[in-house]
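The structure under discussion appears below in the form of structure tokens.
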Number of protein chains: 2
Amino acid sequence: MEAITHSRGDTFPIGELSRLTGVNIETIRYYERIGMLPAPPRSEGGRRVYDHHHTRVLAFIRRGRELGFTLDEIKALLALGGPERAPCGDVREIAARHLDDIRAKIADLRKLERLLGQTIDRCEGGTAPECPVLDILSPEPRRRA
Amino acid sequence: MEAITHSRGDTFPIGELSRLTGVNIETIRYYERIGMLPAPPRSEGGRRVYDHHHTRVLAFIRRGRELGFTLDEIKALLALGGPERAPCGDVREIAARHLDDIRAKIADLRKLERLLGQTIDRCEGGTAPECPVLDILSPEPRRRA
DNA sequence: CGTGCATCCTGTAGTGACTACAGGAGCAAG
DNA sequence: CTTGCTCCTGTAGTCACTACAGGATGCACG
């Protein structure tokens with residue numbers, strides 16, 4: 001029940017970084033492997049030693065993923081938001097393109113929702129001679145059989 | 001410009017099945033490998049020989065994928081819609097669960113759309129001191145820095 | 001009958017974004 | 001010193017494909 005004491009100076013191991021950010025340990029190592037997250041220094045025993053810089057970057061990545069950005073997009077955003085932080089227009093462009101994708105996906109899903117919802121409702125009524133769900137899936141409307 | 005003549009009896013090779021259903025050749029072979037599509041008989045030379053039964057099954061799979069069903073769900077639907085075609089309730093359940101998934105995904109995306117849209121708009125006005133898109137991504141609102 | 005070339009075959013590996021081990025090493029408390 | 005947790009590397013699996021490489025087949029045309 002004691003507070004966990006890290007080695008002095010705000011550094012901590014991977015498990016703590018995982019807890020702090022909500023990102024799976026395996027995923028953190030994966031991010032390092034693919035170059036999303038800078039490789040931290042190691043302890044004498046070879047363990048990764050993180051600090052709050054890593055927390056910030058990793059939380060940024062996590063948030064980006066939650067917002068549906070790909071890792072490549074996030075990598076680009078990280079680069080843009082880096083030390084320079086100059087080209088806000090570039091950032092806006094990535095985000096705007098992503099927003100278009102999201103809107104297209106929503107439109108697609110809405111169409112699906114309508115179709116599937118109506119079909120299931122017909123099924124619920126029990127008025128369908130054969131299963132209407134299978135019928136929207138079947139390419140052949142099996143008329144005159 | 002002549003109509004392509006298949007060997008008599010409504011059988012055709014994989015390329016034709018691909019054209020008929022709009023499913024990539026590689027994908028058809030993949031479906032066979034994972035047991036989604038029954039393996040067709042082969043010609044003397046070892047080529048796959050399909051007939052309209054395969055067309056129907058493959059088109060069913062394709063439609064299911066377009067509707068966002070997983071291959072496992074489609075496999076289940078195919079089994080349910082098979083020779084027996086009895087338990088319409090089971091079919092409805094799979095579809096209903098899938099509809100729930102779709103609705104949840106739509107809700108998620110809508111939230112995202114709002115957040116991202118508003119943020120980009122703020123950026124467009126040019127009134128933001130630093131890039132607002134990066135700011136929603138950043139976990140630390142950098143107040144008092 | 002030969003030739004060219006489109007189509008087909010198998011097998012393997014790559015994609016994106018992880019997740020799940022196996023098999024071992026380190027480390028701190030009791 | 002032992003227990004048990006955390007950590008390490010490396011590999012392989014997931015989902016639904018896609019993309020080759022390297023070779024065989026089949027068919028129309030000359």
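In what follows, every chain begins at residue 1, and chains take the letters A, B, ... in the order their sequences are listed. Everything numeric here is computed off the predicted structure, so don't read it as measured data.
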Value in whole Å for how far the [atom2] atom of [N] lies from [atom1] of [X]:
{"X": "Lys75(A)", "N": "dA17(C)", "atom1": "NZ", "atom2": "C1'", "result": "12 Å"}
{"X": "Arg62(A)", "N": "dA17(C)", "atom1": "CZ", "atom2": "C1'", "result": "15 Å"}
{"X": "Phe69(A)", "N": "dG16(C)", "atom1": "CZ", "atom2": "P", "result": "18 Å"}
{"X": "Ile34(A)", "N": "dA17(C)", "atom1": "CD1", "atom2": "C1'", "result": "8 Å"}
{"X": "Phe12(A)", "N": "dA28(C)", "atom1": "CZ", "atom2": "P", "result": "18 Å"}
{"X": "Leu37(B)", "N": "dA16(D)", "atom1": "CG", "atom2": "P", "result": "16 Å"}
{"X": "Leu17(A)", "N": "dT6(D)", "atom1": "CG", "atom2": "C1'", "result": "14 Å"}
{"X": "Ile25(B)", "N": "dC9(C)", "atom1": "CD1", "atom2": "C1'", "result": "11 Å"}

- [ ] Scan for ring-ring contact (aromatic ring centres under 6.0 Å, His included) pairs involving residues 88-111 of chain A, sequence neighbours excluded, and state none if there are none.
- [x]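 Of all non-adjacent pairs touching residues 88-111 of chain A, those that pass ring-ring contact (aromatic ring centres under 6.0 Å, His included) are Phe69(A)-His98(A).
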Task: Pairwise side-chain hydrogen bond (donor to acceptor under 3.5 Å, both in side chains) hits with a residue in residues 34-46 of chain A, at least two apart - done: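 Checked against side-chain hydrogen bond (donor to acceptor under 3.5 Å, both in side chains) - neighbours excluded - no pair reaches residues 34-46 of chain A.
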Task: Inter- and intrachain pairs under salt bridge (Lys or Arg N to Asp or Glu O under 4.0 Å), touching residues 101-112 of chain A, at least two apart - done: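 Listed once each, the pairs are Arg103(A)-Glu113(B).
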Open item on the list: Just N and O in the side chain of Arg19(A): are any of them under 4.0 Å from OP1 or OP2 of dT6(D)?
Closed with: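 Negative; the distance criterion is not met.
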Task: Upstream residue (5' side of DNA chain C) when Asp72(A) and Ile14(B) are each assigned their closest nucleotide - done: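 Closest to the 5' end, via its nearest nucleotide, is Ile14(B).
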Open item on the list: Closer than 3.5 angstrom, by distance alone: can the side chain of Glu73(B) be matched with the main-chain N or O of Thr70(B) as a donor-acceptor pair?
Closed with: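 Pair found, side chain donor or acceptor close to backbone of Thr70(B).
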Task: Contacts of type side-chain hydrogen bond (donor to acceptor under 3.5 Å, both in side chains), residue Glu26(B), not counting sequence neighbours - done: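 Glu26(B) satisfies side-chain hydrogen bond (donor to acceptor under 3.5 Å, both in side chains) with no residue once adjacent residues are dropped.
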TODO: List in chain and number order the residues that pass side-chain hydrogen bond (donor to acceptor under 3.5 Å, both in side chains) with Gln118(A), two or more places apart in sequence or in another chain; answer none if no residue qualifies.
DONE: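 If we apply the side-chain hydrogen bond (donor to acceptor under 3.5 Å, both in side chains) test to Gln118(A), skipping adjacent residues, there are no hits.
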Open item on the list: Each nucleotide in nucleotides 17-26 of chain D should get exactly one letter: B, S or -. Can you fill that in based on protein heavy atoms under 4.0 Å?
Closed with: BBBB---BBS
Task: Qualifying residues under salt bridge (Lys or Arg N to Asp or Glu O under 4.0 Å), relative to Arg47(A), sequence neighbours excluded - done: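 With neighbours one apart ignored, the set is empty.
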Task: Which residues share a side chain to side chain contact (heavy atoms under 4.5 Å, CB included) with Thr27(B), sequence neighbours left out - done: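 Only Val23(B), Asn24(B), Tyr31(B) meet the side chain to side chain contact (heavy atoms under 4.5 Å, CB included) criterion with Thr27(B).
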Open item on the list: Using a strict heavy-atom distance below 4.0 Å, which residues from residues 100-110 of chain A are in contact with DNA chain D?
Closed with: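 None, since no heavy atom is under 4.0 Å.
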Task: Contact check, side chains of Ile28(A) and Ser18(A), non-hydrogen atoms, under 4.5 Å - done: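 In contact.
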